[in-house]
2 protein chains.
Amino acid sequence: MRKMGIKDIAALSGVSPATVSRTLRNPELVNKDTRKKVMKAVKESGYRPNRFGSSLRTRQSGNIVVVMPDITHQVNAGIIRAIESEAQKHGYSVLLGDTQGLIERERHYADMVNSGQADGILLFTPRLPFDVDPDQPLLKQLPPLVSGNETIPVEGLCRVSVNNTAGARAATEYLLSLGHRRIAAVLGASDAPSNQERLDGYHQAMDEAGLQVDPQWIVAGDYSTDSGMAAMEKLLKLRQRPTAVFCFNDDMAIGALNVLHQYGFAIPQDISVMGFDDIRYAALMRPALTTIHQPLEDIGRAAMQLLLEQLNGRQPKNNYVELPFELIVRQSTGPVPLQGESE
Amino acid sequence: MRKMGIKDIAALSGVSPATVSRTLRNPELVNKDTRKKVMKAVKESGYRPNRFGSSLRTRQSGNIVVVMPDITHQVNAGIIRAIESEAQKHGYSVLLGDTQGLIERERHYADMVNSGQADGILLFTPRLPFDVDPDQPLLKQLPPLVSGNETIPVEGLCRVSVNNTAGARAATEYLLSLGHRRIAAVLGASDAPSNQERLDGYHQAMDEAGLQVDPQWIVAGDYSTDSGMAAMEKLLKLRQRPTAVFCFNDDMAIGALNVLHQYGFAIPQDISVMGFDDIRYAALMRPALTTIHQPLEDIGRAAMQLLLEQLNGRQPKNNYVELPFELIVRQSTGPVPLQGESE
DNA sequence: CTGAAAGCGCTTACAG
DNA sequence: CTGAAAGCGCTTACAG
């Protein structure tokens, strides 16, 4: 039993291939009775239009590609899941582009749009992996594209994210409100826009509180748990230890928590720890992690919706969608310890 | 600047489209100098062959589809990442099929193979979402397919997983070796083959130790953290409490840990908790979770390799790949408490 | 409302 | 080693 083609269905239902095609794509153009005959043949034969035949004609693949550095991170996984759901709802399939942080892979996935394999691209990486002519307007040279999370700051580019600066500021202000003054910051990946934005937020809050930031309180990290551990080790060695540590994501905060336990510190009595993201396991830590919640589903859905608008030929009126974060207070943060205040 | 086609490149390099095609697909068939001319034109123009033109001719999409119930679960995410990496290495792209546990979505993704949108399918769900004629040999009716993790037990079907039974048995034996006799089991999703397999392993170990299993020790769950919490609550209400709890995955174990903390139990002094999977956060819990490690990368790679063999027209000699699990002893398990032994 | 025909961009058996 | 030609399965402007 060879695979059915549109001609087979046409023969089966006694119409032309054109009419079969119309019945499937634009039923309103077809007489009701004809339609019925065709649908019957389609049903009985289990016919599925070959995607490539149609893609070749219509020049639409029905695919989009999602590019992320690491899909095993909760944040990315949550977002792509929402994207996929929304994409499916609108008839699009999702090609997975896990770059493992490699630029050549970013380009590989970008090529899928160039080769017509995908109609649009969702970028959760901090770079534009396209060759562009610097003399031409940039936007005109790009395919339908949305930048999410690690939002690429290009004028007019469609972007979706929480306000990282405001989020980090809220986190820092919360720690300040608990009486903390010596608040350390553990940074994320240095090439990530989100990292710079969160750092800005931290500094804004500290400035406004009239506090001088000791450079030793700012410790490098890369958003990994290991880097959170290393950063915490470093902070513990300082002569004047911070009383609170704001890690720029939950994974690092979880690393910090582990180091503190290892050295026998009580959290939050001795030292407060705060994260960012609100991954699923944040609430399950001991103590449960205070953090800034990111609405992953909303981010994914909004990104897909922005892309859909472009795919439908509309330039979205609002090209930057900022989604609300939320301060989630749990048990890893508490009032500044007494000696911390006075010291 | 319209998109370049193969004819454009042919014109640019002064050869026929056929030769351009050969240069790109079977360079060894083409004279070296001709090849050079063509490659030069390809480079300069940035030409990418249109995937649909070629797919239509060759009847190969170059895509595979991966079907999983929930990509936000660490286990699935780790596996799909390895799949993607291996797929890319061999020129395949990965279509993401997150089913959210819905059968209609499983069928939707299965349809991608039927419509030629994907050449093969990797199934991490416990069902075959294909219509088959029960009078015909099953395998002949299926596309290139590999079943992973929730391995569908069909004779001859390509499958990849750890030996869940042996893993659960090793876990239970380990708890027995610590002196535990009242060992509870918190079950996973009831429709998951892995759940039944792990339950078998648990029973095997208990039987061989000559222990009667109190039915109350077997508590339903669904692999979610919440279900782990509910199960633990239930177990704590038993007149004769178990001294060890073997949760059939880490998420449930983490839930159990939280409930125990909440009620003030010391782990493992009062009660031991064990998981299965060894997700990234297992090691980061307090106490760190003793568990059975699954080699996610190996599973993903092996699954893809089995699929590749089929895609290349070979029926793999070995249609079941069993990967080694590993008992990871951490701090959530310890010797049976004294009163537990005597009671 | 329906059909015949052209053509999307590629590949490959065939001929030379 | 290379080219001309046919055709993969579909869609759609055109004609009726």
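Computed over heavy atoms, backbone and side chain alike; hydrogens, waters and symmetry mates excluded. Naming: A, B, ... by sequence-line order, numbering from 1 per chain.
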Original post:
What does nucleotides 10-16 of chain C look like as a protein-contact string, B for base, S for sugar-phosphate only, - for none, at under 4.0 angstrom between heavy atoms?
Top reply: BBBB---

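Remark: the backbone N or O of A/Gly300 is not paired with any side-chain donor or acceptor of A/Glu86 at under 3.5 angstrom.
A 6.0 Å sphere centred on CD of B/Glu297 holds no more than 12 heavy atoms belonging to other residues, nucleotides or ligands. Counting non-hydrogen atoms of other residues, nucleotides and ligands closer than 6.0 Å to CD of B/Glu104 gives a total above 12.
Between the CD atom of A/Glu28 and the C1' atom of C/dC1 there is a distance of 13 Å, rounded to whole Å. Between the C1' atom of D/dC8 and the CG atom of A/Leu56 lies a distance of 9 Å, rounded to the nearest Å. Atom P of nucleotide D/dC8 and atom CD of B/Gln117 are separated by 21 Å, given to the nearest angstrom. In this structure, CG of B/Asn31 is placed 10 Å from C1' of D/dT2, rounded to the nearest angstrom.
A donor and an acceptor atom, one from each side chain of B/Ser194 and B/Tyr223, are located under 3.5 Å apart.
Interatomic distance, B/Asn31 CG to B/Lys36 NZ, rounded to the nearest 0.5 Å: 10.0 Å. One distance of note links OG of A/Ser161 with CD of A/Gln294; it measures 8.0 Å at 0.5 Å rounding. Distance check, rounded to the nearest 0.5 Å: CD1 of A/Ile80 to CG of A/Leu296 gives 12.5 Å.
Using a 4.5 Å cut-off on side-chain heavy atoms (C-beta onward), B/Tyr47 and B/Ile6 make contact.
Listed by first residue number, the stems of DNA chain D with at least three Watson-Crick or G-U pairs below 3.5 Å are C:1-3 with D:14-16, C:5-12 with D:5-12, C:14-16 with D:1-3.
For D/dG16 and D/dT12, the C1' atoms lie 16 Å apart once the distance is rounded to whole Å.
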